[in-house]
Undergrad: 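Before we start, here is the structure in question, set down as structure tokens.
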There are 2 protein chains.
Amino acid sequence: MDKPHMSGTDTTAQAAGRPTLKTIAFMTGLGVTTVSRALKDAPEIGEETRRRVQLVARQVGYRPNRAGVRLRTGKTNVISLVLNTEEQIGGFVSDMIYGISEHLAQTPYHLIVTPYSRNNDPLEPVRYVVETGSADGIIISRTEPDDKRVRYMLERGFPFATHGRTEIGTEHAFHDFDNYAFARDAVKKLADLGRKRLALLAPPSTLSYHHHMRNGFVDTMAEIGFAEVPFNAVTVDHSIEQIRARTLQLMQRPNRPDGIVSGAGGATFALVAGIEDAGLKVGKDIDIVSKQSAKLLHLFRPELFVVNEDVRLAGRELARSVIACIDGEPAGSLQSLSQPGPVLARGE
Amino acid sequence: MDKPHMSGTDTTAQAAGRPTLKTIAFMTGLGVTTVSRALKDAPEIGEETRRRVQLVARQVGYRPNRAGVRLRTGKTNVISLVLNTEEQIGGFVSDMIYGISEHLAQTPYHLIVTPYSRNNDPLEPVRYVVETGSADGIIISRTEPDDKRVRYMLERGFPFATHGRTEIGTEHAFHDFDNYAFARDAVKKLADLGRKRLALLAPPSTLSYHHHMRNGFVDTMAEIGFAEVPFNAVTVDHSIEQIRARTLQLMQRPNRPDGIVSGAGGATFALVAGIEDAGLKVGKDIDIVSKQSAKLLHLFRPELFVVNEDVRLAGRELARSVIACIDGEPAGSLQSLSQPGPVLARGE
DNA sequence: GGCAACATCTGTAACGTTACAGCTTGCGGC
DNA sequence: GCCGCAAGCTGTAACGTTACAGATGTTGCC
């Protein structure tokens, strides 16, 4: 009533809009600062006051204004998922998004999708987010051994998590599928089936997991004493038509493979089509072990052997990691490697 | 030098951080207000000043602080895509996201993904976004004829666009695929192939496009004089296992269909599996016309007939519409219906 | 010369939040 | 009775932006 700095009409009425700290301050008769502190359980607020404020806040459905917090503190409460918009076929991306969302739902974080197309520099969206501070953390995929995006974020101390590992000395948060183990198990399976001339349909050689998968393949081949049938003309990232055409060529060669390890479900569709174009039959002339994220391959050709990759799990893990990274946890504890399940035959 | 209200250290040095209006104001010697107005081409700014300000802004790489704008104006420059996290198989969602992103890339808008799981109320994420003002516009899918989300947003005048139409009197922005035309073309194709006992694997009956597809199917059947073989036990949203099992049952019935129209590519995988479980063969005992968004069906079974739905295009259209809606354009002009392409046989 | 009209620019306040530096009050010690 | 201290609360300023209400100077007109 007699305070000198009463700010205008505020005591008269609270607007019908969303409640703010001021609303609660007015209702409780406290200062805005006190309310702010009470809501975040600051120590110098009395026990009763704290409870009173929190009660009122809950009653009126108070939610902090994100713009206010962001402007004041710089904290955006946003995670950015950086995506290549020409990502391969197979629903991979939706599962990743769902996985991330599942974890973020329990947090104040929102998920924003920051895309880039193939002709753009992959660094560009990352730089954009970091420079404009439009997120507190970034998740990237398609990681390379010497990934410049990773270097960029490490240099700037910007929190992030990668789907896939790097060869960079500095530790950072990642989640990865053990593609070495996958290729090893796949080769062993094909060997068990009596196959001897094996080929690998690998990811692009620029990506980290190309090397893991290839090493797993090569090491196990060497162990068993097999020689590889080279198949480097295409990768799992090529178009259906390209993979199909190249596979046809491969299968028409004199020493065509009798077993193939395929790094992606989508590519396996094209692979099988190419094999059948050559008049050969999966399960008879050749066996295939393929990784898949959507569970469609056994419907496609029951003779295929599959290993499931749980991308949704990867999304959850990455979300967890990037938030822990934001909270300052050491990167060493934010690394996880998901082991492949068993190689599955039809109906398993 | 002699201004009374010089605010502290600002004249001393500009921090190394991101440039703000104050930075540019200092560099040009102008006031913050002038800079702000000059950058948005306000009329009362001199031609030369405007150019000078814009030049400097470009040079220093000025980008408006989103939190500042949002706090002051309430404009978030965010579009929210509301998604069901148990969305069906087939990469549908990624294409939608890519399509939206493609359009948003040319705008200041960011895309945020707001998920909800099946057990939640679909209205909940919409209410959250509207109440907290966390976006300027919303895109929803899985539209129902009397969609409460649509009613909610219409009542509040909140900008949105729907993937799919409603039966609600008030006009609103939407993009839809003409599923009536699809079903009509599909039935005609099957009739041309000499098939007579047709069934429909439709979307869930709660969704708008269930009715469009079913009407197209029923009307065309009536026109030709065919009677439908009922197949209502499952929808395209059911699990692979369920569709497969029910299809097996269907195909073991005495008057099993010799033609099926399938509303989704993912479901068609299960459908074909069920048919083959019954010992029948697609293209011989039965023909199928299926819609698809990923182009995998012809690899799966070349005997299938397919109609492609361009979900990426839908994403672009929806993004365009929702932004136009935000800009106040009348909803009537923001409605588009995408016509199905021809029914394609193998390799076409 | 006086004055209105105009073009161009400016400062202040506010959006909602939090860091910071205070301000009271009560209480124990001397 | 006074001091110091702690507990508990408070106001002010600032984050970057824009709406608004001026301020300044210049031009043209009588």
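Proteins get letters first, then strands, A, B, ... in listed order; numbering begins at 1 in each. On a predicted model such as this, the values are computed, not experimentally measured, just so you know.
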Undergrad: Tabulate protein N/O versus nucleotide N/O from nucleotides 26-28 of chain D, keeping only pairs under 3.5 Å, one per line.
TA:
none

Undergrad: For A:Arg63, what residues pass the salt bridge (charged side-chain N to carboxylate O under 4.0 Å, His left out) criterion, not counting sequence neighbours?
TA: none
Undergrad: Between the opening five pairs and the closing five pairs of the helix from C:dG1-D:dC30 to C:dC30-D:dG1, how far apart are the helix axes, to 10°?
TA: 70°
Undergrad: For DNA chain C, which residues of residues 28-38 of chain B approach it to below 4.0 angstrom with any heavy atom?
TA: B:Gly29, B:Leu30, B:Gly31, B:Thr33, B:Thr34
Undergrad: Please list, chain by chain and in numerical order, all residues satisfying side chain to side chain contact (heavy atoms under 4.5 Å, CB included) with B:Glu47, sequence neighbours excluded.
TA: B:Arg50, B:Arg51
Undergrad: So which pairs with a foot in residues 160-169 of chain B pass side-chain hydrogen bond (donor to acceptor under 3.5 Å, both in side chains), sequence neighbours left out?
TA: B:Arg165-B:Asp176, B:Arg165-B:His212, B:Thr166-B:His172
Undergrad: Strictly by salt bridge (Lys or Arg N to Asp or Glu O under 4.0 Å), give each pair with a member in residues 97-108 of chain B just once, sequence neighbours left out.
TA: B:Glu102-B:Arg312, B:Glu102-B:Arg316
Undergrad: Between side-chain atoms of residues 319-326 of chain B and protein atoms elsewhere (two or more places apart, or another chain), which donor-acceptor pairs fall under 3.5 Å?
TA:
| residue | atom | partner | partner atom | Å |
| --- | --- | --- | --- | --- |
| B:Arg320 | NH2 | B:Glu317 | OE1 | 3.0 |
| B:Ser321 | OG | B:Glu317 | O | 3.0 |

Undergrad: Short question: side chain of B:Ser101, backbone of B:Ile97 - any donor-acceptor pair under 3.5 Å?
TA: yes
Undergrad: Which parts of residues 61-77 of chain B get close to DNA chain C, meaning a heavy atom less than 4.0 angstrom away?
TA: B:Leu71, B:Arg72
Undergrad: Which salt bridge (Lys or Arg N to Asp or Glu O under 4.0 Å) pairs, counting each pair once, include a residue from residues 127-141 of chain A, with sequence neighbours left out?
TA: none
Undergrad: Report, one line per pair, each donor and acceptor closer than 3.5 Å where one atom sits in a side chain of residues 104-112 of chain B; sequence neighbours left out.
TA:
| residue | atom | partner | partner atom | Å |
| --- | --- | --- | --- | --- |
| B:Thr107 | OG1 | B:Leu104 | O | 2.8 |
| B:Thr107 | OG1 | B:Tyr109 | N | 3.0 |
| B:Tyr109 | OH | B:Lys75 | NZ | 2.8 |
| B:His110 | ND1 | B:Arg66 | NH1 | 3.4 |
| B:His110 | NE2 | A:Tyr128 | OH | 2.9 |

Undergrad: Could you tell me which residues satisfy side chain to side chain contact (heavy atoms under 4.5 Å, CB included) with B:Ser117, sequence neighbours excluded, listed by chain and number?
TA: B:Thr85, B:Glu86, B:Asn119, B:Asn120
